[in-house]
Amino acid sequence: MTDRFALVALPLPLANPYTYRIPESLGDRVHPGTRVVVPVRRRELVGIVVGTDADSPAAAARDLLAVPDTEPALSPNLLATAEWMAGYYGAPLGLTLKSILPGGMWGESQVIVTLRNGHREFGGLAGDVVAWLGRHGGEAPVRSAARALKRPLWEVLERLSRVEAVSLRVHPADTDAARLTERTLSLAEDRPTLLERDALFKRQPKQRQLYEALESLGGSAPVRHLSDQLGFSDGVLRALVKRGLARIGAVERVRDPFAGSPISSPPTELTAHQAAALGKIEKLAPGAGALLFGVTGSGKTLVYLEAVRRVLARGGGAIVLVPEIGLTPQTVSRFRGAFGDDIAVLHSGLSDGERADAWRLLRRGERRVAVGARSAVFAPVARLGLIVIDEEHESSYKNGETPRYHTREVAAVRARLEGARLVLGSATPALETLARTEQSLALLRLPERIGGRPLPPVEIVDLRTAPKVGGTGPIPWSVALDAAIVTALARREQALLLLNRRGYAAYLQCPDCGEVWQCPRCSISLTVHQHPAALRCHYCAHEEPLPFTCRVCANPVQQMRGVGTQQLERWLAERYPDARIARMDLDTTSTKWSHQRILAAVEHGEIDLLIGTQMIAKGLDFPNVTLVGVVDADTGLYLPDFRSAERTFQLLAQVAGRAGRGPKGGRVLVQTRHPGHHALARAAEHDADGFLAEERELRALPPYPPAVSLVNLICSGPGEREVTIRAAGLADWCTAVVAKHELPISVLGPAPCPLLRIKDRWRWHVLLKGPSTSLGRVVRYAARRLKREGQTRVVIDRDPVSLL
Ligand code: ADP
Ligand code: ZN
């Protein structure tokens with residue numbers, strides 16, 4: 001008999017899978033998708049079989065050692081999805097599988113052997129193993145047993161497992177971290193206002209920093225995080241405790257923050273529009289999809305819930321994707337409420353072990369609904385019948401590293417392979433998605449808010465001419481917004497204030513010579529932060545102290561420009577001293593679940609004014625929010641990216657949709673210096689269709705998606721010269737390929753990326769525009785050809801969401 005060889009992928013940075021010989025004894029159990037134990041140099045790792053009919057390799061191949069599972073870890077459909085991704089995005093299959101299968105399930109994972117039937121008598125090595133296991137509690141990592149018995153054991157274990165004397169299972173490398181407790185520092189209940197703090201911490205700036213760090217972390221944080229990550233000394237921690245401002249406690253490490261969350265029960269009766277949409281979803285052919293285009297507050301979630309319920313009733317399973325799980329606790333709790341223990345919530349707080357457990361339960365059909373962000377599109381749900389993507393326009397659905405997949409595309413492919421239906425929901429769908437409703441995608445509409453509530457009126461406040469509140473300095477504060485807040489506070493209603501710029505100020509500038517402080521590693525200005533005070537780069541985390549004089553002209557006065565959320569918070573505290581204020585941005589949500597603590601406080605009416613970046617615009621449903629103020633609508637309007645108008649429209653429409661969701665109604669004020677821009681004007685009219693139509697015309701010439709497809713080839717490296725040379729060579733190569741195959745593609749560039757440098761790497765790009773199928777050919781050639789040259793590398797970004 002001739003030898004058979006398997007291709008095995010490993011979660012390592014390898015361009016190609018490795019080839020191994022399949023020993024005859026394992027032949028019947030080696031299939032694509034199976035986990036296998038393989039020797040890699042002097043280690044043993046768990047890999048995934050991606051092919052079983054590989055050619056005999058030139059050099060002698062080593063043998064596969066063992067097949068620990070009884071069935072493949074990856075279903076044929078998931079493996080086919082991975083293969084599609086690798087091909088479409090031009091990514092190595094190993095890296096693609098790494099984004100699909102949780103890291104804890106292969107690679108460094110260990111194989112555990114468990115004694116199942118200790119009464120049987122075996123001779124020789126088998127007997128020794130059984131006896132050894134018996135003496136060691138009946139279970140041990142294979143590695144320990146082999147070391148103790150000083151023999152390779154795979155072969156004998158394989159035989160023992162076939163007669164069911166032992167069983168093998170793959171166990172994540174991290175084991176029982178689950179029950180760890182840790183020391184925490186929590187703020188006392190009575191909290192001084194921002195103004196009282198000036199007196200309280202007059203001579204103790206460090207204590208104030210710690211106090212405010214704790215506050216921004218939701219009132220409590222692990223001591224280890226405070227000392228190791230944030231650098232606070234023991235003395236400062238103890239001082240706060242001694243002054244009664246904080247106390248030390250111990251908590252169990254948070255595992256599932258959703259476990260104890262209140263479960264909301266869904267309304268039972270669908271509106272006529274909801275029922276019609278559901279009916280059409282039910283009628284979709286297997287593998288087909290629909291866009292659920294419904295205004296904010298139109299009850300899209302209930303349509304998803306009912307669609308899932310129908311699938312479960314037919315014995316199927318479903319995947320529900322949300323943009324960011326920390327930001328959508330309400331959606332998650334609605335699904336929990338409806339399906340209880342049938343749900344597996346996949347979130348970043350899971351340990352490898354818990355994630356592996358969730359996978360196993362989903363595979364076996366013991367949990368039938370997976371809820372999670374982007375990567376949950378790969379959840380191994382059994383008999384997958386439905387994939388829902390909520391807020392499908394969100395850019396977080398695009399993966400930021402290789403493979404640079406878009407969840408929407410992957411979901412469509414997976415749905416086709418599995419015969420599942422796909423539902424994309426949004427009040428502000430992506431232009432590409434809407435364009436597809438002219439072809440394959442069905443279009444379903446929910447034109448009204450639940451209960452016939454009107455969408456809140458939106459007033460545009462022209463900052464160039466509107467009367468401002470006196471003494472505001474750089475804060476753009478109109479009399480109109482001020483009056484609206486005063487009214488809301490007086491009525492004990494809540495307000496959301498959107499300012500999509502974190503930090504204290506966008507940048508620091510010398511008023512004399514115009515010098516702007518830039519990051520030494522990135523071509524971007526440094527953001528001013530307070531508490532702790534520093535200039536910080538939002539791309540590479542570079543940090544330096546605030547300067548007192550200009551480094552160019554030594555002028556002592558430095559001006560902060562572009563108000564950020566920290567500055568706004570401070571100003572609001574002075575302006576509305578009785579209001580309870582919270583801030584939600586990346587700086588206040590750096591620990592796990594801090595989002596949720598802040599949102600819960602809003603939900604319980606403990607917050608009057610919530611300031612935040614785009615984080616506060618998503619999916620929240622708080623009926624007592626009657627006012628939404630957009631402090632500066634122009635922050636993202638003129639970025640050099642073809643999506644900046646679309647993003648601005650989506651952000652405004654979404655945040656406006658947070659107002660007036662209850663019986664008290666609501667209103668929205670948008671402050672801007674560009675009131676005529678179509679993104680603002682259409683958002684003010686709640687006219688998504690109008691915006692999409694206008695924007696689509698603008699994308700026809702010069703053409704951008706959906707008029708054409710894009711591939712962005714980004715060349716980056718530490719040497720400016722090498723990068724420009726490589727980019728020029730890349731453009732030449734593309735031009736030659738396009739000419740040779742007569743492809744209808746235009747090659748633009750090489751050109752410097754708008755962000756010319758990030759983290760000490762220079763960046764140039766070549767942009768390809770054309771029909772998707774032709775671009776696919778170039779991607780295929782490029783993936784084969786483009787290798788790293790020294791430190792310079794080329795990244796293929798197919799269907800980029802941003803060109804920055
Ligand atoms: P969307 O996601 O479209 O913005 P939601 O799904 O959050 O809207 O629904 C808005 C509100 O309307 C929620 O509080 C929800 O519980 C309520 N709701 C949805 N459908 C119904 C219904 N059929 N009857 C009564 N209330 C409903
Ligand atoms: Zn930087």
Side-chain angles (χ1 to χ4, degrees), residues 6 8 10-12 20 22-23 25-26 28-30 34-49 62-74 101-181 253 255 350-361 363-364 366:
V8 176
L10 289 159
L12 306 172
Y20 291 90
I22 306 175
S25 58
L26 297 179
D28 57 331
R29 289 176 52 190
V30 177
T34 313
R35 287 191 292 193
V36 288
V37 181
V38 293
V40 179
R41 298 208 184 84
R42 305 185 56 186
R43 293 192 294 170
E44 287 168 2
L45 296 176
V46 179
I48 310 265
V49 175
R62 300 171 78 179
D63 279 4
L64 293 179
L65 297 175
V67 183
D69 304 327
T70 46
E71 51 184 318
L74 278 182
L101 194 68
M105 294 181 64
W106 52 324
E108 307 284 340
S109 299
Q110 44 183 342
V111 181
I112 309 278
V113 51
T114 309
L115 203 53
R116 292 183 66 181
N117 187 347
H119 311 295
R120 298 267 297 268
E121 294 289 327
F122 295 96
L125 184 56
D128 292 348
V129 175
V130 168
W132 185 90
L133 278 171
R135 288 198 305 276
H136 289 82
E139 186 169 278
V142 173
R143 205 174 295 155
S144 317
R147 213 177 295 134
L149 296 168
K150 300 196 177 68
R151 301 277 294 276
L153 296 181
W154 291 115
E155 224 182 293
V156 68
L157 289 176
E158 181 64 31
R159 272 189 285 122
L160 285 171
S161 78
R162 288 200 186 231
V163 296
E164 298 190 348
V166 301
S167 63
L168 298 175
R169 80 191 141 87
V170 180
H171 199 66
D174 87 320
T175 42
D176 45 17
R179 279 179 297 281
L180 282 180
T181 61
R253 263 182 47 188
R255 306 311 306 183
L350 297 180
S351 69
D352 284 349
E354 289 163 315
R355 194 172 300 270
D357 282 349
W359 260 61
R360 213 184 45 228
L361 293 170
R363 276 204 57 132
R364 289 199 199 136
E366 288 169 32

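Values below: all heavy atoms of this structure, side chains included; hydrogens, waters and symmetry mates excluded. Keep in mind the model is a prediction, meaning the values are calculated, not measured.
One finds the CG atom of Leu168 at 8.0 Å from the OG1 atom of Thr114 (value rounded to the nearest 0.5 Å). Taken from OG1 in Thr70 to CZ in Arg29, the straight-line distance is 7.0 Å, to the nearest 0.5 Å.
Contact detail for Leu10 and Gly47: the closest heavy-atom pair is CD2-CA, 3.6 Å. Heavy atoms only, all atoms of each residue included: Val30 and Ala6 are closest at CG1-CB, 4.3 Å. Smallest separation of non-hydrogen atoms from Val46 and Ser109: CG2-O, 3.6 Å. Pro11 and Gly107 make their closest contact through CG-CA, 3.7 Å (heavy atoms, listed as atom of the first residue, atom of the second, distance). The nearest pair of heavy atoms linking Val130 to Phe122 is CG2-CD1, 3.9 Å. Between Arg116 and Ser167 the shortest heavy-atom distance is CD-CB, 3.5 Å.
Screening Leu74, Val67, Asp69 for a side chain to side chain contact (heavy atoms under 4.5 Å, CB included) with Arg35, the sole residue that qualifies is Asp69. Test Leu157, Leu160, Val129 against Val113 for side chain to side chain contact (heavy atoms under 4.5 Å, CB included) and you get one pass: Leu157.
Taking the side chain to side chain donor-acceptor pair (under 3.5 Å) definition, one finds that Arg364 meets it with Glu366, sequence neighbours left out. For Arg43, the side chain to side chain donor-acceptor pair (under 3.5 Å) criterion is met by Glu108, not counting sequence neighbours. Arg162 meets the side chain to side chain donor-acceptor pair (under 3.5 Å) test with Asp28, Glu158; sequence neighbours excluded. In this view, Pro102 and Met105, Arg355, Trp359 satisfy the side-chain contact (heavy atoms from CB on, under 4.5 Å) rule, not counting sequence neighbours.
Checked by atom type and distance alone, the side chain of Arg62 pairs as donor or acceptor with a backbone atom of Arg41 at under 3.5 Å. Checking side-chain atoms of Tyr20 against main-chain N and O of Leu65 turns up no donor-acceptor pair under 3.5 Å.
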Return a table of donor-acceptor pairs under 3.5 angstrom between the side chains of residues 141-156 and protein atoms on other chains or two or more places apart.
from	atom 1	to	atom 2	distance (Å)
Trp154	NE1	Glu44	OE1	3.1
Trp154	NE1	Glu44	OE2	3.3

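Evaluation of the salt bridge (Lys or Arg N to Asp or Glu O under 4.0 Å) test over residues 127-141, restricted to residues two or more places apart or in two chains, returns Glu139-Arg169.
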